[in-house]
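When reading the values below, keep in mind they use all heavy atoms of this one structure, side chains included, and skip hydrogens, waters and symmetry mates. Chain A is the first sequence line, chain B the second, and so forth, proteins listed ahead of strands; every chain is numbered from 1.
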4 protein chains.
Amino acid sequence: MTDQRRPSAGVARRSETSRRAVLTAAFELAAEVGYAKLSIEGIAARAGVGKQTIYRWWPSKGAVLFDAFLMFTTGEPGEGGGGESVEEAALPDTGDVEADLKTVMFATVDELNDPRYDRTMRALSIEIAHDADLAALYAERLNRPMRELKKRRLRAAQEAGQLAADLDLDVAVDLLWSPLLVRWLHREGPLTHEYAAALVETALGGMRP
Amino acid sequence: MTDQRRPSAGVARRSETSRRAVLTAAFELAAEVGYAKLSIEGIAARAGVGKQTIYRWWPSKGAVLFDAFLMFTTGEPGEGGGGESVEEAALPDTGDVEADLKTVMFATVDELNDPRYDRTMRALSIEIAHDADLAALYAERLNRPMRELKKRRLRAAQEAGQLAADLDLDVAVDLLWSPLLVRWLHREGPLTHEYAAALVETALGGMRP
Amino acid sequence: MTDQRRPSAGVARRSETSRRAVLTAAFELAAEVGYAKLSIEGIAARAGVGKQTIYRWWPSKGAVLFDAFLMFTTGEPGEGGGGESVEEAALPDTGDVEADLKTVMFATVDELNDPRYDRTMRALSIEIAHDADLAALYAERLNRPMRELKKRRLRAAQEAGQLAADLDLDVAVDLLWSPLLVRWLHREGPLTHEYAAALVETALGGMRP
Amino acid sequence: MTDQRRPSAGVARRSETSRRAVLTAAFELAAEVGYAKLSIEGIAARAGVGKQTIYRWWPSKGAVLFDAFLMFTTGEPGEGGGGESVEEAALPDTGDVEADLKTVMFATVDELNDPRYDRTMRALSIEIAHDADLAALYAERLNRPMRELKKRRLRAAQEAGQLAADLDLDVAVDLLWSPLLVRWLHREGPLTHEYAAALVETALGGMRP
DNA sequence: CTGTAATCGAGACGGTACGTCGAGTCTTGGG
DNA sequence: CCCAAGACTCGACGTACCGTCTCGATTACAG
């Protein structure tokens, strides 16, 4: 998103050291103090970097946070390449969709219940909610790969005849995960395995008798 | 939430004029400029009110916004009493759950697609996302009544045998509405009637064959 | 220059405490670190005052410095009233113009040779040199009274027949003091009593045989 | 001052093109924007030169300005040699000191009243006022030759018996030119031919009756 | 004619200060 | 006691330059 480093004739290249220091500082600060007190000044100070270095390479605080998240979540790259690790990962497949979905959603629940992850993810979520550009970036770089993974598992189930042949997998993914996200983000209730299980069961079986 | 007006023997009581001016200003500013540029200073100025008057009666910017939303959404009261209008309202009931749910969700979709409502609601959502107190308040005063309405309609369908007898209505409500909210808040895709319809159909029928 | 405090209906008046803290800090910092490292940020910090308070009441760093100089030089007032002390002061008058002028100019020389006064005065001089508004202010509020004093003494000598009847006293004052100032400001040579004495003698007697 | 080019066995020598581009840019910028907005970055940009090239050859912004002034004032050289043109120049000598002095001082007055020269000279004056090294350089390289010229003319008058035999010519030069400089630098009043004439007349005749 | 070392343009870097905005607190005078 | 007005301290914003530091790419002697 961020730099598309011009390999131009001119010169003077971006400092990889600074880039990593900034992203590390951003990630740690987000986890420690949360969105409200996350300032560019603070990130620069903690990273031992001039503010201008941040403004030079990222368009907004949210963009820094996003890249930080990207770096610590997917392998590394930050912008150009990769996320290979994500692409190669896969959701568990024991042959039992229901059980597998529960396994995965329980993990999500546990993650969101971890205070450090909660603060980081919440900060990112808030930034995404009021920055359309960042939202697009998030959808493409972080959400899409995750969604692909989920859809892949569901597609396997579909092919095994465990899910309806005409099921729209995107809708299915939303049906399963969105309630979790909303309950977490708006703190509408306790985020438990029970709730996640109920979600899976109801979504699979449908609301009708 | 907000004021628990001390009915003290002493003297001067809260100015209703100022209260309404503040909430009106907050609501309008939120709709016009969005979360990012919504400042207490701006609200006070537009309301023709001293900043202290805001700080005296509300604990945070989010609280003002919440009250503003409350005032313009439910009838009026703001804090003490009512929301009667909501309590008395009801979702349409033609006897066809699926059709009725679509009607209601189409309305939600249309609302969220209106730029003014989008900005206001987004500002409120963001405040809720990083203020647990406000989240509790929101859950109780704005979300709960709406959820009751929805559950009431679902319960009717349940009693009519159109929904499973053991269906957890809270889970059902989440299953239907959360995906809408997430897609809107994180701009994960276009918010259309088609999407809402697919949601209703899949949730009702379930994902299995 | 500075505030013309509006006694308006509204309210909220300027804090005298802050004003004095700022001027004191500015004066001391100028004396300690000199023009080059005199920053508004530094003044605010040393004064224990928000930067905005400086920007609210003074249009420039030079204006602060000027007011500081005014406060520590003339009695007090800073802007509205006074400088009475200056108005009432007088140059020595022993009846011997030459001796009296030397006395006064020796004092000036000594002052300019004091490092603290040098730094302060130099900072002020530089600000004046590149800010026409400040220059006007300086001419009116600091320079004019001093010049009046000098002219008064010269006028007495004129009336006593020691100076030419048609002598332009402004020109005379410039003739005496400007060389001192230039030599000091541009460090064109050592600033000594000898030099000052030569100035007085030559100016009085003229360059002709 | 500036480079003491090491004639090292090694290699590559200073680019004359860059040197002139820098000095030209500095001179023009000073004339256009004045001291306050004269930045090394700006000079480098306008000269099409890397910042390092400036820092490599000059110790300070003032030094660049000084060299620029030198180049555009005296013939050329910049540092090593010359100013021959100045050495060879001479003040007019009609045999009438008073008239000749007025001629020269009127020219000075006119120069200082030219906005472009005013800004340049003012910038230089300010730099000199807070940089002792630069002041020494200025005294030696720009002021001394000018002063020599003036003293030479005065010495001629002295030998012709028009000036006192024991007159200190340095004091005389200061007496005549300093008031002009102060009035200009501190904008103490209009810089006119009348004022210059009065200066000459009073200095020559003395203040006494 | 070629290697080699300094200089060149460009511009990123860690910093300091700028001048502005808004937060939340405090003070004043009027109702 | 509330209210408007607005000054206060404080902290962060995003920008401009500082002076230092790489980067290739010239460039001009020395071999």
Side-chain angles (χ1 to χ4, degrees), chain A residues 5-15 17-19 21 37-42 44-45 47-57 60-61, chain B residues 6 8-15 17-18 21 37-42 44-45 47-57 59-61, chain C residues 5-6 8-15 17-19 37-42 44-45 47-57 60-61, chain D residues 5-6 8-15 17-18 21 37-45 47-57 59-61:
Chain A
R5 142 193 329 172
R6 47 213 143 337
S8 87
V11 197
R13 221 121 67 277
R14 178 169 192 178
S15 153
T17 313
S18 295
R19 189 183 143 269
K37 357 194 85 177
L38 185 61
S39 67
I40 291 206
E41 206 135 278
V49 136
K51 277 200 287 176
Q52 199 57 41
T53 297
I54 298 185
Y55 285 110
R56 189 160 21 234
W57 300 109
S60 68
K61 185 166 63 177
Chain B
R6 40 212 150 339
S8 87
V11 198
R13 224 133 51 286
R14 174 169 194 180
S15 154
T17 315
S18 295
K37 354 197 85 175
L38 186 61
S39 68
I40 292 207
E41 208 136 89
V49 138
K51 280 203 287 174
Q52 199 55 248
T53 299
I54 297 184
Y55 283 108
R56 192 162 16 237
W57 300 109
S60 70
K61 184 166 64 176
Chain C
R5 140 195 328 175
R6 48 211 141 339
S8 89
V11 197
R13 221 122 65 279
R14 176 170 192 178
S15 155
T17 313
S18 295
R19 189 184 143 270
K37 359 195 81 176
L38 185 62
S39 68
I40 292 205
E41 206 133 279
V49 137
K51 276 199 289 177
Q52 198 59 268
T53 298
I54 298 185
Y55 285 108
R56 193 167 12 242
W57 299 109
S60 69
K61 185 167 63 176
Chain D
R5 139 194 331 174
R6 41 211 148 340
S8 86
V11 197
R13 223 124 64 283
R14 175 170 193 179
S15 154
T17 315
S18 295
K37 353 196 86 175
L38 186 62
S39 67
I40 292 207
E41 209 137 88
I43 295 171
V49 138
K51 280 201 287 174
Q52 199 54 249
T53 298
I54 297 185
Y55 284 106
R56 188 158 24 230
W57 301 108
S60 69
K61 183 168 63 177

* Asked: What's the OH-C1' distance between C/Y55 and F/dC8, to the nearest Å?
  ->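 Whole-Å distance recorded here is 17 Å.
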* **For atom NZ of D/K61 and atom C1' of F/dA16, their distance in whole Å** =>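 After rounding, the gap between these two atoms is 12 Å.
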* Asked: When the nearest nucleotide of DNA chain E is assigned to B/K37 and to A/A47 on a heavy-atom basis, which residue is associated with the more 5' position?
  ->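 On the 5' side of the pair lies A/A47.
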* Least distance between heavy atoms, B/A21 atom then B/A47 atom -> O-CB, 3.5 Å
* To do: Would you classify B/G42 as touching base, sugar-phosphate or nothing, given that sugar-phosphate means primed atoms plus P, OP1 and OP2, and contacts are heavy atoms under 4.0 Å?
  =>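 The answer is nothing, as B/G42 stays clear of every strand by at least 4.0 Å.
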* **Euclidean distance, atom CD of residue A/E41 to atom C1' of E/dC21 [Å, nearest integer]** => 14 Å
* Asked: Can you find an N or O donor on one side and an acceptor on the other, under 3.5 Å apart, linking the side chain of A/K51 with the base of E/dG15?
  -> no
* Asked: Could you state the CZ-P distance from B/R14 to E/dG31, rounded to the nearest angstrom?
  -> 23 Å
* Looking at D/W57, does any N or O in its side chain come under 4.0 Å of the phosphate oxygens OP1/OP2 on E/dC8? ->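 Yes, D/W57 has a side-chain N/O under 4.0 Å of OP1/OP2 on E/dC8.
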* **Stepwise side-chain contact (heavy atoms from CB on, under 4.5 Å) test for A/R19 and A/W57** => CA-CA 9 Å; A/R19 189 183 143 269; A/W57 300 109; over 6 Å; no
* **Inter-residue atom distance D/K51.NZ - D/T53.OG1, 0.5 Å rounding** => 11.5 Å
* To do: Would you kindly give the CD-to-P distance between D/Q52 and F/dC17, to the nearest whole Å?
  => 18 Å
* Asked: Nearest heavy-atom pair of D/G42 and D/S39: which atoms, and what distance?
  -> N-OG, 2.9 Å
* Asked: Quick one: C/I54 CD1 to F/dC8 C1', roughly how many Å, whole number?
  ->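 About 13 Å, once rounded to whole Å.
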* Atom CZ of B/R56 and atom C1' of F/dA4: how far apart are they, to the nearest Å? ->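 B/R56 atom CZ is separated from F/dA4 atom C1' by 10 Å.
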* B/S18 side-chain proximity, nearest of F/dC8, E/dG22, F/dC3 ->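 From the listed options, F/dC3 comes nearest.
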* **Between F/dT26 (C1') and D/R13 (CZ): distance, integer Å** => 15 Å
* Asked: Which one, E/dC18, E/dA23, F/dA12, comes nearest to the side chain of B/I40?
  -> E/dA23
* Structure fact -> Sorted by position of nearest nucleotide on DNA chain E, 5' first, the leading residue of D/G48 and A/S15 is D/G48
* To do: Compare the minimum distances between each of E/dA17, E/dT7, F/dA7 and the side chain of C/S39, then state the nucleotide with the smallest one.
  =>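 The closest nucleotide is E/dA17.
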* Asked: Which part of the nucleic acid does C/T53 contact within heavy-atom distance under 4.0 Å: base, sugar-phosphate only, or nothing?
  -> base
* Counterpart residues, salt bridge (charged side-chain N to carboxylate O under 4.0 Å, His left out), relative to A/K61 (two or more places apart) -> none
